[in-house]
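A quick write-up on the structure given underneath.
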Amino acid sequence: MRHVTSIVLALLVAGSLLLAARLWAPDRTVHAPLAGAYRYPIPGTVAGLTTGDLAQPWRMIVHFGAARSAVLADPGDPHYISVWADTLAVLPDLGPSSAPATLKGAEGCAALAQQAPYSLELALGERLSWSTWASLWGLGATGSSPSSASPPVDRLLIVPAVPASGRSPAAALGATICRYVGTDAARYSVAPNPAMGNLTRELAALRSLPLDYDVVPLPPVAGLGLRPGIDVPVPGFARGSVKVQPETISPRHMLAALFPPTASVRRTTGLDGLQNYSDGLADLHLGGGGSLQYAVGAPPTVDPEAPGQALLAAASFVDQAGGWPPTGVLFDLAAIPQPGSFSLHGGEAAHSGYRITFTERWRGLPLLADPPPIAIDVGAPGVLAYTRQVSVPEQEQPAQPFLPAARALADLAAAWPLAASGSDRIVVDVFPAYLPSGDGKLWLPVWGVELQDGSIVALSATTGATLDVLRPQGG
């Protein structure tokens, strides 16, 4: 009897240890539950955006030599749509050379843009490896190039070759390419192809047309280093604050989109009016101001997915649960480190997925918001987290002229923000943008100033005062 009791006790202990292991050990077979069978587009949203749509440049600058430079920034503009489509056709042929990017190279590229009859500059909005951009743009095998052939890129300058006399601008043409990272650039050439001829014809046709806004070179600013070739809107550029309201989310429809039809969902209400829903596997919180937080209780695992696959998963998920703002665009894509992992000698640490954030635009100007309108965590089990607080623009107030960019930058140099003090005083981009007001009811015009480390400082468009620092230190 004593022997039997010992065996039973041993089995109970073993069973408890096994149960504890199942509860606490990362189980790689656990998968995030799929979204519900119901597709819920919030009124005013769009669906079916590709990764190429979401990873569009923040703006495209068309240079017509020293005579004129103008910006395509509105993704709904037919010229923007056409030029981006032609650009996507030539991107597979623009794989970067292994030449190092240098400041001297950037100076040469800035001069080239002033000399060539026409060229196209793509301001990509953030710094990613070439293979990651290729993956996001759906360029196929180009995205699998080794890291030695996949340098970081944050902008491209495409300078088509000049057609020979009597030759059609749509003929096959080669091009000189400038690949930028921060203040530096590498210059190389690509072989002729018909797609480059089509892009060249498109650029030539824009020479005398009004585009979103014209730009001129930014003059030097004491106390700051500047990337060669920064262009800013011409004097007199003006925008007004934009009245916005939060989008209206239907709890019933969002529940149907996020939870399986057979799920038993429990609802509770917080003291602040927050509506909480849970089926034991996933939790959804809906706030009164159109905010949404969704999380799946799946354990993190090492994620083998490529960034393009992660963005595709995010695009499909948002299509299912809410839809996209018509002017949605990628704001940041960053790997989520695996808990407890680390890197040596600059190598990559293991990661459990990607945190992908998206923003909105109004008349081509991006919204700089923290938190961003949409954020998604994608890991090996699928979408693990989804936050959303999208605003709907209603009306633009009377336009106010922007303070000259050089004046605003001089104020930045004189009162360097503490939140950006880890960065060298080097500016790689300056562009008009919006920032949410404190109460969220307005989008305020600002200068967006991107620093060498990837952070973005928002300066008041009318006073130059520092308002916020976003994507700090390498975000």
Side-chain angles (χ1 to χ4, degrees), residues 58-59 61 69 71 73 103 106-107 110 121 123-127 154-155 180-185 213-241 331-332 359 361-362 364-370 372 399-438 442-475:
W58 282 18
R59 65 195 188 283
I61 307 173
S69 293
V71 169
L103 179 62
E107 292 171 346
E121 183 178 341
L124 300 177
E126 68 169 322
R127 189 173 307 162
D154 56 26
R155 75 182 51 238
Y180 285 84
V181 55
T183 58
D184 302 333
Y213 54 91
D214 282 18
V215 291
V216 293
L218 175 68
V221 178
L224 293 178
L226 303 178
R227 173 184 60 83
I230 294 178
D231 291 299
V232 294
V234 296
F237 178 81
R239 288 289 189 273
S241 298
F331 183 71
D332 193 29
T359 192
R361 291 171 281 188
W362 173 256
L365 275 57
L367 174 68
L368 307 178
D370 185 17
Q400 299 289 328
F402 271 51
L403 189 73
R407 168 73 183 278
L409 289 175
D411 292 344
L412 174 66
W416 192 249
L418 294 178
S421 60
S423 170
D424 294 333
R425 298 189 177 205
I426 298 176
V427 172
V428 300
D429 201 8
V430 181
F431 54 93
Y434 290 103
L435 187 76
S437 61
L442 292 174
W443 289 355
L444 308 174
V446 296
W447 283 117
V449 181
E450 183 180 354
L451 305 180
Q452 175 76 343
D453 67 353
S455 58
I456 296 177
V457 182
L459 308 178
S460 168
T462 54
T463 69
T466 299
L467 301 178
D468 202 356
V469 179
L470 303 99
R471 238 169 46 185
Q473 299 201 17

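For the single chain, residues carry numbers from 1 onward in sequence order.
- For the ring-ring contact (aromatic ring centres under 6.0 Å, His included) test, no residue two or more places apart in sequence or in another chain qualifies with W443.
- For the pair R59 (side chain) and A73 (backbone), a donor-acceptor distance under 3.5 Å is absent.
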Show which side-chain atoms of residues 430-438 pair as donor or acceptor with protein atoms under 3.5 Å away, not counting sequence neighbours.
| from | atom 1 | to | atom 2 | distance (Å) |
| --- | --- | --- | --- | --- |
| S437 | OG | D439 | OD1 | 2.7 |
| S437 | OG | G440 | N | 3.4 |
| S437 | OG | K441 | N | 3.4 |
| S437 | OG | L442 | N | 3.1 |
| S437 | OG | L442 | O | 3.4 |

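- D370 meets the salt bridge (charged side-chain N to carboxylate O under 4.0 Å, His left out) test with no other residue; sequence neighbours excluded.
- Counting only distance, with no hydrogens or angles, the side chain of R425 and the backbone of G223 share no donor-acceptor pair below 3.5 Å.
- Two residues are said to be in side-chain contact when any heavy atoms from C-beta on lie closer than 4.5 Å; T359 and P372 fail this criterion.
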Stepwise side chain to side chain contact (heavy atoms under 4.5 Å, CB included) check, D411 with L459: CA-CA 9 Å; D411 292 344; L459 308 178; over 6 Å; no

Derivation and outcome, side chain to side chain contact (heavy atoms under 4.5 Å, CB included), residues R227 and Y180: CA-CA 10 Å; R227 173 184 60 83; Y180 285 84; 4.0 Å; yes

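- A 4.5 Å side-chain heavy-atom check between T466 and L412 finds at least one atom pair inside the cut-off.
- Side-chain contact between V215 and V232 is absent, with no heavy-atom pair separated by less than 4.5 Å.
- With hydrogens and angles disregarded, no donor-acceptor distance shorter than 3.5 Å links the side chain of R361 to the backbone of W58.
- Every residue meeting the ring-ring contact (aromatic ring centres under 6.0 Å, His included) condition with F237, not counting sequence neighbours, appears here in chain and number order: Y213, F402.
- No side-chain heavy atom of D468 sits under 4.5 Å from any side-chain heavy atom of V446.
- For E450, the side chain to side chain donor-acceptor pair (under 3.5 Å) criterion is met by no residue, not counting sequence neighbours.
- Taken from OG1 in T183 to CD in E107, the straight-line distance is 9.5 Å, to the nearest 0.5 Å.
- Counting all heavy atoms, side chain and backbone alike, A458 lies closest to L368 at CB-CD1, 4.5 Å.
- For W447 (side chain) and L403 (main-chain N/O), a donor-acceptor pair under 3.5 Å exists by modelled atom type.
- Note that CG of D429 and CD of E126 are 13.0 Å apart. Values are rounded to the nearest 0.5 Å.
- In plain terms, the two heavy atoms of R155 and V428 that are nearest each other are NH2-O, 4.0 Å.
- For the pair D184 (side chain) and L103 (backbone), a donor-acceptor distance under 3.5 Å is present.
- Without hydrogens or angle criteria, S460 side chain to A465 main chain gives no donor-acceptor distance under 3.5 Å.
- Looking at residues two or more places apart in sequence or on another chain, you find no salt bridge (charged side-chain N to carboxylate O under 4.0 Å, His left out) involving D231.
- Residues S241 and P445 come closest through the heavy atom pair OG-CD, 3.5 Å.
- The CG atom of L444 sits 7.5 Å away from atom CG of L467, with the distance rounded to the nearest 0.5 Å.
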